[in-house]
Amino acid sequence: MEDNYTIEMLNITKRFPGIIANDNISIQLKKGEILALLGENGAGKSTLMSVLFGLYQPEEGVIKKDGREVKINDPNDANALGIGMVHQHFKLVQCFSVLDNIILGVETTKNGILQKSEARKKVMALSEKFGLKVNPDALVEDITVGMQQRTEILKMLYRENDILIFDEPTAVLTPAEIDDLMKIMKSLAKEGKSILFISHKLNEIMEVADRCSVLRRGKYVGTVNISDTTPAELSRMMVGHDVQLVVDKKEATPGEVVLKLDNITVPSRMHKNNAVKNVSFEVRKGEIVCIAGIDGNGQTELAEAISGLEKVSKGSISLCGKDITHSSIRERTLTGMSHIPGDRHKHGLILDYPLDYNIVLQRYFEDEFSNKAGFLKKDEIRKYSDRLIDEYDIRSGQGSVTPARSMSGGNQQKAIIAREMDRKHEFLLAVQPTRGVDVGAIESIHKQLVAERDAGKAILLISFELEEVLSVSDRILVIYEGEIVGEFNPKETNREELGLYMAGAKRKERS
């Protein structure tokens, strides 16, 4: 009996300037299965799914739906065929409400007037059914990254699509939310939905997928049954060599205090309550302190207060012995702060600038890159950018002149990490530094963080990944509803204990 393929992408080739993103790739999705798509950053996974969703047109190859060749010119064609997509980089209108974003393009009208009451009921029913809690009236620009992700998922479910593409859907979800999403995906598959699931997280693929297709540098490597493989084998297929999945580091030897927070309070943009409440802690030279917590408990506001993106209403922040509570972002940078932001598009890059200009965003005014008249030394900028591209393995079709917008999410992240780690600093604020990057890049980033620590830098890591929290940090602070509710030695705690504090079920006084 022949396999019942609902989607076949056969011999797909997609080219961009300087790069073949998809090189003669064929994948087949069975009805009612979850097919994982695995590959390094820039391997062509999102491009391939964008071809299926009609965002790109392939130069070669055909797409079949239920055995019949189809032409998908745009996302409207994809939706008409029952294909929906949750994008890695959200396709949301910032100034619209959550509800308006969900129904955008499929609005119900009566006599030319938008009818929202039935749409609201349907959205709230889906939200309740799948545990995707959202505030339908909140503006997208005011909600957390995790809430934006939930909005994207609800947008697809609202359209009742049969073929569901999830592009890195768990990148910003908490462990509990990830568990819920895994259950949702399994239940959708049982209902006959067919799911294409892009993920860098091998444990998620092992848990939820039926099969896994692997891409490497734009080429198809192979497809395996999950029941017949291991995480080590998948990572080897993906990067072409064995990957060390455990962080290897020696004992930390903390030195003098570099960052000190003294009873800081940060207002919330979402409600009248404060997002951060009387938080105090220190980060010393030669240690990695991690803030662990469920998204939406004040981590974003805490990071923005430290970096200068948000003002504090009470308390003080000092860096390298200098009070920076009211300092500008540049003053903080020059005092010795580097910052890997949680939202690379909003705060990390100017997407329409080329890669080399993004690499020197924090340094363009220095003598090395500008002359006394204020004109940029473009040759020096290009030379510096070329070096970082090589050292940090940033893959871009046109090298230093590649527009940042055209790069894969993982390579955009690598560019930010290269920029922030390479310049002179004493303190590194790293917010979700491994978000959306492949297992090989995660290994490299973790090694770089440990090397920074061993070189005497002070590092504050904010992460929603409990495995990362436990393996990389030297000290863990758990935040819940804007307060530090516990301090832990990673060697003396575990996921379960941290989970209780993250959920607010337990609290302990810090010494």
Side-chain angles (χ1 to χ4, degrees), residues 1-16 19-39 43-88 91 105-106 153 155-169 185-186 188-199 205 208-228 237 408:
M1 180 178 171
E2 291 186 7
D3 286 315
N4 183 15
Y5 293 122
T6 186
I7 288 291
E8 296 175 84
M9 302 185 75
L10 305 174
N11 309 114
I12 300 295
T13 295
K14 177 62 188 170
R15 299 182 181 90
F16 294 107
I19 191 169
I20 303 176
N22 295 148
D23 189 355
N24 193 34
I25 293 174
S26 295
I27 64 165
Q28 295 164 309
L29 174 68
K30 299 175 185 177
K31 184 172 176 58
E33 82 161 339
I34 300 175
L35 174 66
L37 199 56
L38 181 66
K45 307 178 302 297
S46 294
T47 299
L48 188 66
M49 292 301 96
S50 294
V51 167
L52 180 58
F53 194 58
L55 291 168
Y56 296 142
Q57 296 302 307
E59 280 76 33
E60 299 169 24
V62 298
I63 299 172
K64 291 184 178 181
K65 168 89 189 304
D66 297 326
R68 179 176 59 88
E69 187 175 333
V70 294
K71 180 69 175 172
I72 305 175
N73 295 306
D74 54 43
N76 289 329
D77 286 349
N79 272 306
L81 290 166
I83 301 169
M85 184 170 181
V86 176
H87 300 269
Q88 180 184 3
K91 307 293 184 183
V106 289
I153 294 170
K155 196 165 79 174
M156 184 172 65
L157 294 175
Y158 184 82
R159 285 157 176 74
E160 300 178 358
N161 298 127
D162 293 318
I163 292 120
L164 313 179
I165 304 168
F166 287 85
D167 189 355
E168 298 284 354
M185 291 170 69
K186 288 176 181 177
L188 287 168
K190 283 181 181 176
E191 290 178 21
K193 307 280 189 187
S194 304
I195 298 173
L196 282 155
F197 173 46
I198 298 176
S199 178
I205 289 175
V208 79
D210 299 302
R211 295 186 301 143
C212 180
S213 292
V214 182
L215 307 184
R216 191 192 310 153
R217 298 199 176 222
K219 294 179 182 290
Y220 174 76
V221 175
T223 298
V224 294
N225 292 318
I226 293 300
S227 58
D228 300 331
M237 287 177 70
S408 72

Side-chain contact, heavy-atom cut-off 4.5 Å: Thr223 with Ile27?
no
Is Asp74 reaching over with its side chain to a backbone N or O of Gly54, donor-acceptor style, under 3.5 angstrom?
no
When you measure from the side chain of Gln57 to the backbone N and O of Asn73, does any donor-acceptor pair fall under 3.5 Å?
yes
Under the criterion side-chain contact (heavy atoms from CB on, under 4.5 Å), I'd like the reasoning laid out for Tyr220 against Asn24: C-alpha separation, chi angles, the key distance, then a yes or no.
CA-CA 8 Å; Tyr220 174 76; Asn24 193 34; over 6 Å; no
Val208 and Ile195: CA distance, side-chain angles, deciding distance, side-chain contact (heavy atoms from CB on, under 4.5 Å) verdict
CA-CA 10 Å; Val208 79; Ile195 298 173; over 6 Å; no
Minimal heavy-atom distance between Ala209 and Ile226, with the atoms involved, is O-CG1, 3.4 Å
Which atom pair, heavy atoms only, marks the closest approach of Leu52 to Ala78?
O-CB, 4.2 Å
Side chain to side chain, Pro169 and Phe197, heavy atoms closer than 4.5 Å:
yes
Any heavy-atom pair between the side chains of Leu55 and His87 that's under 4.5 Å?
yes
If you look at every heavy atom in Gly192 and Lys31, which pair is closest and at what distance?
O-NZ, 3.6 Å
Can you tell which of Arg68, Gln28, Lys65, Lys64 makes a side-chain hydrogen bond (donor to acceptor under 3.5 Å, both in side chains) with Glu8?
Gln28
As a quick check of understanding, evaluate side-chain contact (heavy atoms from CB on, under 4.5 Å) for Val224 and Met237, giving each step before the final call.
CA-CA 10 Å; Val224 294; Met237 287 177 70; 4.1 Å; yes
Looking at side-chain heavy atoms only, is the closest gap between Leu157 and Leu188 below 4.5 Å?
yes
For Asn22 and Thr47, does a side-chain donor sit closer than 3.5 Å to a side-chain acceptor?
no
Can you measure from CD1 (Ile163) to CE (Met156) and round to the nearest 0.5 angstrom?
11.5 Å
Do Asp77 and Lys71 have side chains that approach each other closer than 4.5 Å (heavy atoms only, starting at C-beta)?
no
Distance col, row Thr13:OG1 vs Glu59:CD, nearest 0.5 angstrom, shows 8.0 Å
Using side-chain heavy atoms (C-beta onward) and a distance below 4.5 Å, is Met9 in contact with Ile25?
no
How many angstroms lie between atom CG of Asn161 and atom CG of Asn79, to the nearest 0.5 angstrom?
5.0 Å
Atom pair CD1/CG of Ile205 and Leu37 - distance to nearest 0.5 Å
8.5 Å
Rounded to the nearest 0.5 Å, how far apart are CD1 of Ile7 and CD1 of Ile83?
4.0 Å
If you apply the rule side-chain contact (heavy atoms from CB on, under 4.5 Å), what do you find for Ile63 with Ile12, and how did you get there?
CA-CA 8 Å; Ile63 299 172; Ile12 300 295; 4.2 Å; yes
So Asp162 and Thr6, do their side chains get closer than 4.5 Å, heavy atoms only?
no
Would you check if Lys45 and Ile198 make a side-chain contact, meaning some heavy-atom pair closer than 4.5 Å?
yes
SG (Cys212) and CG (Asp228) are apart, to the nearest 0.5 Å, by 12.5 Å
